[in-house]
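Step one of this worksheet: look at the structure below.
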Protein chains: 2
Amino acid sequence: MSRKEEIITTAARLFNEKGYKAVSMRDIATAMDIKAASLYNHINGKQEILSEIILKVAEEFTKGMTNVVAENSSAIKKVEKVIELHIDITVNHSDALAALNNDWMHLEETDLKAFVKMREDYEENFRRIIKQGIEAGEIKPYHPEVILFSILSTLRTLYLWYQKRGKLDVNILKKDMVSVLIKGIV
Amino acid sequence: MSRKEEIITTAARLFNEKGYKAVSMRDIATAMDIKAASLYNHINGKQEILSEIILKVAEEFTKGMTNVVAENSSAIKKVEKVIELHIDITVNHSDALAALNNDWMHLEETDLKAFVKMREDYEENFRRIIKQGIEAGEIKPYHPEVILFSILSTLRTLYLWYQKRGKLDVNILKKDMVSVLIKGIV
DNA sequence: CCTACCGATCGGTAGG
DNA sequence: CCTACCGATCGGTAGG
């Protein structure tokens, strides 16, 4: 892991605990046993740290969703794949997900626009899957936005749950979460 | 509305937009067309504003849950009542819910403890309702924690949805949300 | 990677 | 409710 990557993972952990605005460059440096000024030999500023954390994991969601959409399978199967995608990313990047969920509004303009675009595209793809499922008679004809929101809100806050009760085996989580979220709409 | 209440609702709106730490006392004062120093004639400090916002709405949840628990009805009926409680509070205090969800960790020690206690009690009551429902055969025997989490995560982020698509009639929201969240577990 | 430092901004107070 | 101000802390830079 490069020094830059060390800074980013340390920062992600602190941002998760206290939020981006409440963490100072001195906090990050102290956690690494160096001085704040030394951070600037590896990164351009605090904003850059935030954008690396958030955009990297946002791109993982984008790639994952692209794969799901390209699949030749039923809508329900696609929803299952999306749930699994969220669980996998949660397990591997739970600190980054805290920043993505809580601190995205502190991105600077260019990165903010890129992030919002990715999030909107992601939601639109998910919405289309749900609508296709309803049209095919696989999913109950509830208001699609309500279905989208209730599933997505659970998946988005999965990181909180994983951090508190991480002991529960990931496979149990995967199986039960799929059951609870899917069985309600089929 | 007293001047103090004006400060609190103005602050809640700004905290919702940018987060507690990113909003300065000068920001709050400017939004009210006064100077920052004048705020201190009505409140003791920034911390007090945050704690009034969060603890007031936390107490509403506590009271509401107490009423639900005291009811003489089925577990499913109680879950429905909890969902309705969240929707009602979301409609009336959506700014405060943003602070409750995102800025609770910035409460000072005494208030932080009180808040965490209320949240834990609330979750425990909800957990008990779900377990009773499973024992009574009303709710499917999924892992109770997974059911609790998936419903609660949706209810907790309802304010985000309400703020984006508030146009959707509250009664439609109530009906469809109850359907989507409940039908999956019965 | 460090010491030394800068201008800006913060929450808050004194005194009217 | 205001002007004037304070000490602390912030992100960041210069120069080695």
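Chain letters run A, B, ... following the sequence lines, proteins first, then strands; residues in each count from 1.
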Closest nucleotide among [options] to the [X] side chain:
{"X": "A:S38", "options": "D:dG11, D:dC2, C:dC2", "result": "C:dC2"}
{"X": "B:K35", "options": "D:dG12, D:dC2, C:dC1", "result": "D:dC2"}
{"X": "B:A37", "options": "D:dG12, C:dC2, C:dA14", "result": "C:dA14"}
{"X": "B:I34", "options": "D:dG11, D:dC2, C:dC2", "result": "D:dC2"}
{"X": "B:R26", "options": "C:dC10, C:dC2, D:dG12", "result": "C:dC10"}
{"X": "A:Y40", "options": "D:dG12, D:dC1, D:dC10", "result": "D:dG12"}

query: Is there a Watson-Crick or G-U wobble partner for C:dG16 with both distances under 3.5 Å, and if so, which one is it?
result: D:dC1
- prompt: NZ of B:K174: more than 12 outside heavy atoms within 6.0 angstrom?
  reply: yes
message: Tell me whether the count of non-hydrogen atoms from other residues, nucleotides or ligands lying under 6.0 Å of CD in B:E109 goes above 12.
response: no
Mind calculating the distance between [atom1] ([X]) and [atom2] ([N]) to the nearest angstrom?
{"X": "A:Q47", "N": "D:dG11", "atom1": "CD", "atom2": "P", "result": "11 Å"}
{"X": "A:K46", "N": "D:dC10", "atom1": "NZ", "atom2": "P", "result": "9 Å"}
{"X": "A:K21", "N": "C:dT9", "atom1": "NZ", "atom2": "P", "result": "12 Å"}
{"X": "B:L14", "N": "C:dC10", "atom1": "CG", "atom2": "P", "result": "13 Å"}
{"X": "B:I28", "N": "C:dG11", "atom1": "CD1", "atom2": "P", "result": "8 Å"}
{"X": "A:E108", "N": "D:dG11", "atom1": "CD", "atom2": "P", "result": "15 Å"}
{"X": "A:N41", "N": "D:dG11", "atom1": "CG", "atom2": "C1'", "result": "15 Å"}
{"X": "A:M25", "N": "C:dT9", "atom1": "CE", "atom2": "P", "result": "18 Å"}

task: Quick one: sort the A:Y20 and A:F15 rings into parallel, tilted or perpendicular, breaks at 30° and 60°.
output: perpendicular
message: Can you classify the ring geometry of B:H86 versus B:F61 as parallel (below 30°), tilted (30 to 60°) or perpendicular (above 60°)?
response: tilted
- prompt: Does any donor atom in the side chain of A:T30 or A:D27 lie under 3.5 Å from an acceptor atom in the other side chain?
  reply: no
